[in-house]
Amino acid sequence: MRIDVLTLFPEMFESVLGYSILSRARTRNIVDIALSNIRDFAEGDYRKVDDKPYGGGAGMVMMPGPVFDCLEHVRGLSPDEGRVILLTPQGRRLDQPMVRSLSAEKRLILIAGRYEGFDERIRDGLGAEQVSIGDYVLSGGELPAMVVIDSVVRLLEGALGDEDSAKDDSFSEGLLEYPHYTRPEEFRGMKVPGILLSGNHGKIAQWRREQAVERTKRRRPDLLEEAD
Ligand code: 6GU
């Protein structure tokens, strides 16, 4: 998969992309992530990318020109059309089914914005899907773009080792994940459930399923209504 990111702060991505699963997926060529700086497409000595809102009001608005020009340039970097996603709190809320659908694409183009908002012509004219990562406000689209990248890349073939398969993850079947334990068998008076030490794989699978359902019922009853 190829992922292009359009941002005013490419440096913000370096640390997240440089560790663990994402770093390994990049070195194994499972994903190619390219960062483009929207400011490189701004005009004038000051390379201005934002301006005051028409009609007045607080804050600055992201100008359409640099974003359109940057996207046009980025489109030409690869022959694949790609699914274009604008990160905004006004978008459709990201969930695991959406992550799965994004992970099936050959190319994603993510646009992260800053300031009080985008000029509305960015939403209208870019043909981008609008995606939010939840009902709260962040200072920009960079962290949401990193959330999309992380959640998508870990589903790509070969991104996780065999031992840490994604199929049992929380939400993978619309349920929260069952509880995990490792050594020691007893820690500060808290014991590992006996069933996990029994060696009975059928019973263990059944117990984990029950725990997942029970935990989802208690913590996220909203998920159970949609689960298989
Ligand atoms: Cl995609 N952007 C910003 N600025 N805030 C958010 C968000 C996106 N998703 C949730 N909050």
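We count ligands from 1, going down the list as the structure has it; atoms in each ligand are counted the same way.
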Hey, what polar pairs (N/O, under 3.5 Å) does ligand 1 make with protein?
unit_1   : atom_1 : unit_2 : atom_2 : d
ligand 1 : 4 (N)  : Leu138 : O      : 3.1
ligand 1 : 5 (N)  : Leu138 : N      : 3.1
ligand 1 : 9 (N)  : Ser132 : OG     : 3.4
ligand 1 : 9 (N)  : Ile133 : N      : 3.0
ligand 1 : 11 (N) : Tyr136 : O      : 2.6

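Listed by first and then second residue, the ring-ring contact (aromatic ring centres under 6.0 Å, His included) pairs that reach into residues 61-106 are Phe41-His73, sequence neighbours excluded. Applying the ring-ring contact (aromatic ring centres under 6.0 Å, His included) rule to pairs touching residues 75-97 yields nothing, sequence neighbours excluded. A side-chain hydrogen bond (donor to acceptor under 3.5 Å, both in side chains) check over residues 118-131, counting only residues at least two apart or in different chains, returns the pairs Arg83-Glu129, Thr88-Arg123, Asp119-Arg121, Glu120-Arg123, Arg123-Gln130.
Taking 4.0 Å as the cut-off between side-chain N and carboxylate O, Asp50 and Lys48 do not count as a salt-bridged pair.
None of Asp32, Val31, Ile3 except one satisfies the side chain to side chain contact (heavy atoms under 4.5 Å, CB included) rule with Arg26; the exception is Val31.
For the pair Arg209 and Glu173, the minimum side-chain heavy-atom distance is below 4.5 Å.
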